[in-house]
Amino acid sequence: MRLLIATSNPGKFRELKEGLAPLGWTVLSLLDYPFKLPPEEGATFEDNAILKAAFAARHSGLPTLADDSGLEVKALGGEPGVYSARYGNRNSDLERNVYLLERMRGLPPGERQARFVAVLALAYPDGYLELYRGETEGEILEAPRGDWGFGYDPLFLVPEAGKTFAEMTLEEKARYSHRGKALKALIEAHQQGLVRREAPMQE
Ligand code: ITT
């Protein structure tokens with residue numbers, strides 16, 4: 001199958017492409033189909049993932065995978081959530097990390113729980129789609145650790161691994177991450193022929 005991965009985030013693209021390798025699909029990117037994704041106006045990760053995947057599938061004529069994801073910090077009532085990519089209107093990963101640390105200043109280690117959520121929508125040009133969700137529980141450190149990954153990776157500690165996402169190789173992050181878990185569900189569904197498709201949405 002030829003699949004378009006509709007993301008403008010290079011960190012995500014890398015993880016999605018690597019993660020899909022077991023399926024042997026030919027993967028295309030937005031460099032092959034240069035159009036702008038629609039604004040993410042949904043209230044949930046599911047809504048936004050569907051919005052991006054369905055739009056791109058219609059415009060490319062190809063089955064299309066989109067990822068909507070984000071960080072939910074318990075003490076901040078789930079912030080930044082669906083606003084993770086534009087938290088505090090800050091324009092870079094570094095500035096958003098600084099902003100998050102400011103928002104959490106003074107919170108002791110026991111009150112720094114957070115989780116990452118990823119929703120993958122695989123949309124087909126006929127409007128049918130599949131949804132997969134993955135979550136990872138962790139803690140927000142008081143200072144960054146590690147050089148790899150993207151986004152909030154240097155601040156997100158996975159307690160069972162004793163490492164932040166930014167201290168993990170791509171393979172290691174895939175084992176623990178929200179995106180890795182959602183990808184695993186997608187791959188298993190396709191390998192076992194147990195794909196559950198949702199009906200097309202009404203316009
Ligand atoms: P596309 O919509 O083009 O895919 P985006 O970066 O705008 O790219 P989202 O709207 O889904 O994507 O925002 C997700 C944000 O959540 C992302 O920009 C990061 O700040 C954060 N995020 C999601 N997954 C992450 C991960 O694995 N590691 C670190 N930060 C992550």
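We count ligands from 1, going down the list as the structure has it; atoms in each ligand are counted the same way. Numbers here are sequence positions counted from 1.
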Output yes when [X] and [Y] qualify as a salt bridge under the 4.0 Å nitrogen-oxygen rule, no when they do not.
X      : Y      : result
Glu142 : Arg105 : no
Lys184 : Glu188 : yes
Glu15  : Lys17  : no
Lys173 : Asp153 : yes

Between Tyr176 and Glu160, a side-chain donor and acceptor under 3.5 Å: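 The criterion, which ignores hydrogens and geometry beyond distance, is not satisfied for Glu160 and Tyr176.
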Determine whether Arg179 and Ser69 satisfy the following criterion, side-chain hydrogen bond (donor to acceptor under 3.5 Å, both in side chains), listing intermediate values before the conclusion. CA-CA 8 Å; Arg179 187 165 298 103; Ser69 47; 3.1 Å; yes
Which residue supplies the protein heavy atom nearest to [atom], what is that atom called, and how far is it?
atom                    : result
atom 24 (N) of ligand 1 : Arg179 NH2, 3.0 Å
atom 20 (O) of ligand 1 : Tyr152 CE1, 3.2 Å
atom 16 (O) of ligand 1 : Ser84 CB, 3.3 Å
atom 13 (O) of ligand 1 : Ala85 CB, 3.4 Å
atom 28 (N) of ligand 1 : Asp153 OD1, 2.5 Å
atom 6 (O) of ligand 1  : Asn9 ND2, 3.0 Å

Within 4.0 Å of some non-hydrogen atom of Gly151, the atoms of ligand 1 are 29 (C), 30 (N)
In terms of atom number and element, which parts of ligand 1 are under 4.0 angstrom from non-hydrogen atoms of Thr7?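 Contacts of ligand 1 toward Thr7, numbered from 1: 1 (P), 3 (O), 4 (O), 8 (O).
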Taking the cut-offs as 6.0 angstrom to the six-membered ring centre and 45 degrees off its axis, would you call Arg197 and Tyr124 a cation-pi pair?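 Checked: cation-pi criterion met.
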Please state which option from [options] has its nearest heavy atom closest to [atom].
atom                    : options               : result
atom 22 (N) of ligand 1 : Phe156, Phe116, Tyr83 : Phe116
atom 25 (C) of ligand 1 : Arg86, Lys12, His178  : His178
atom 23 (C) of ligand 1 : Ala118, Ser69, Pro10  : Ser69

Honestly, for Arg96 the part within reach of ligand 1 (heavy atoms, under 4.0 Å) is neither
